[in-house]
Amino acid sequence: LPPVTDVDIHVQLSPKEHRAYEEMRRDLAAELEDGTLLTAPNVLAKIMKLRQITAGFAKDTDTGEVHLVGTSKQKAVTEIVSTTLASEQRVVVFAYFRTECANLKAAIEKAEPKGTRVEIITGATSAAERLEIRQRFKDVSGNAERTVLVAQARTMSVSVNELVTAQNAVFASMSERRDDWVQARGRLDRNGQEGQ
């Protein structure tokens with residue numbers, strides 16, 4: 001196979017997303033458009049909230065309620081998948097958060113033409129369902145329709161061989177652990193692999 005090529009895509013946050021991000025970064029609190037005040041009790045929680053905001057949502061630690069903040073990253077990922085990689089039969093989109101995965105799946109389904117299968121695997125997906133999705137993704141001849149797999153990176157980064165049918169992966173967000181990225185990336189680029 002040719003060497004792996006990494007391409008960084010910079011995403012500009014919307015004014016609403018940028019304001020929430022800056023407030024959280026500066027004050028450990030952000031007031032959302034609906035008036036909800038999100039707080040972070042410490043620096044570690046602040047880092048997680050900042051990552052959530054860039055993913056387009058924020059989860060209220062006290063109530064568990066998820067607030068949508070914006071769609072800038074969803075739009076960028078959808079554009080890459082549906083336009084730049086439109087000719088690819090298999091594409092993997094990795095993300096960190098379950099909510100982010102669900103939002104990406106919905107956005108990609110809306111943008112993709114009829115006949116494209118969009119699947120999702122997160123930590124909440126049962127083992128049996130994960131295996132079925134992975135097998136469908138791998139079986140290019142039996143499942144010839146274009147397939148986009150939105151996967152929670154930590155869930156799909158180890159002991160998964162079926163992703164080699166994809167030539168491209170989009171990382172919507174990254175884990176704080178480098179090994180998650182290395183392993184997820186390695187699911188598509190295997191030593192000794194020949195072109196599919």
### Task
Measure from NZ or CZ of Arg154 to the centre of the six-membered ring of Tyr96 and say whether it is under 6.0 Å with the direction within 45° of the ring axis.
no
### Query
Would you call Glu65 and Lys59 a salt bridge, using N to O less than 4.0 angstrom?
no
### Query
Hey, is the main chain of Glu132 close enough, under 3.5 Å, to the side chain of Gln135 for a donor-acceptor pair?
no
### Task
Could you tell me whether Arg25 and Glu22 make a salt bridge, using a distance below 4.0 angstrom between a side-chain N and a carboxylate O?
yes
### Query
With the threshold set at 4.0 Å, does a side-chain nitrogen-carboxylate oxygen contact exist between Arg146 and Glu88?
no
### Task
Could you name each residue pair satisfying ring-ring contact (aromatic ring centres under 6.0 Å, His included) that touches residues 42-81, not counting sequence neighbours?
Phe57-Phe97
### Message
Could you check whether any side-chain heavy atom of Arg117 comes within less than 4.5 Å of a side-chain heavy atom of Arg136, counting everything from C-beta outward?
### Response
yes
### Message
Here's a test for you: under side-chain contact (heavy atoms from CB on, under 4.5 Å), which of Asp62, Leu32, Ile53 qualifies with Leu38?
### Response
Leu32
#### Entry: Short N-O contact, Glu79 and Lys75, less than 4.0 angstrom
no
### Message
Between Arg134 and Glu162, does any side-chain N to carboxylate O distance fall below 4.0 Å?
### Response
yes
#### Entry: Whether Thr155 side chain and Gly123 backbone form a donor-acceptor pair below 3.5 Å
yes
### Task
Please name all residues satisfying salt bridge (Lys or Arg N to Asp or Glu O under 4.0 Å) with Arg130, sequence neighbours left out, ordered by chain then number.
none
### Message
When you measure from the side chain of Ser82 to the backbone of Thr78, do you find a donor-acceptor pair of N or O atoms at a distance under 3.5 Å?
### Response
yes
### Side-chain H-bond candidate by donor/acceptor type, Glu31 with Thr36, under 3.5 Å
no
### Query
Quick check: does any side chain N or O of Gln89 sit under 3.5 Å from a backbone N or O of Glu145, one acting as donor and the other as acceptor?
no
### Residue list, ring pair (Phe, Tyr, Trp, His ring centres under 6.0 Å) with Tyr21, at least two apart or on another chain
none
### Query
About how many Å separate CZ of Phe137 and CG of Leu163, when rounded to the nearest 0.5 Å?
5.5 Å
### Message
Keeping Ser126 on the side-chain end and Glu129 on the backbone end, is there a donor-acceptor pair under 3.5 Å?
### Response
yes
### Query
Between the side chains of Thr61 and Lys49, does any donor sit under 3.5 Å from an acceptor?
yes
### Query
Is it true that Arg51 and Glu176 make a salt bridge, defined as a side-chain N closer than 4.0 Å to a carboxylate O?
yes
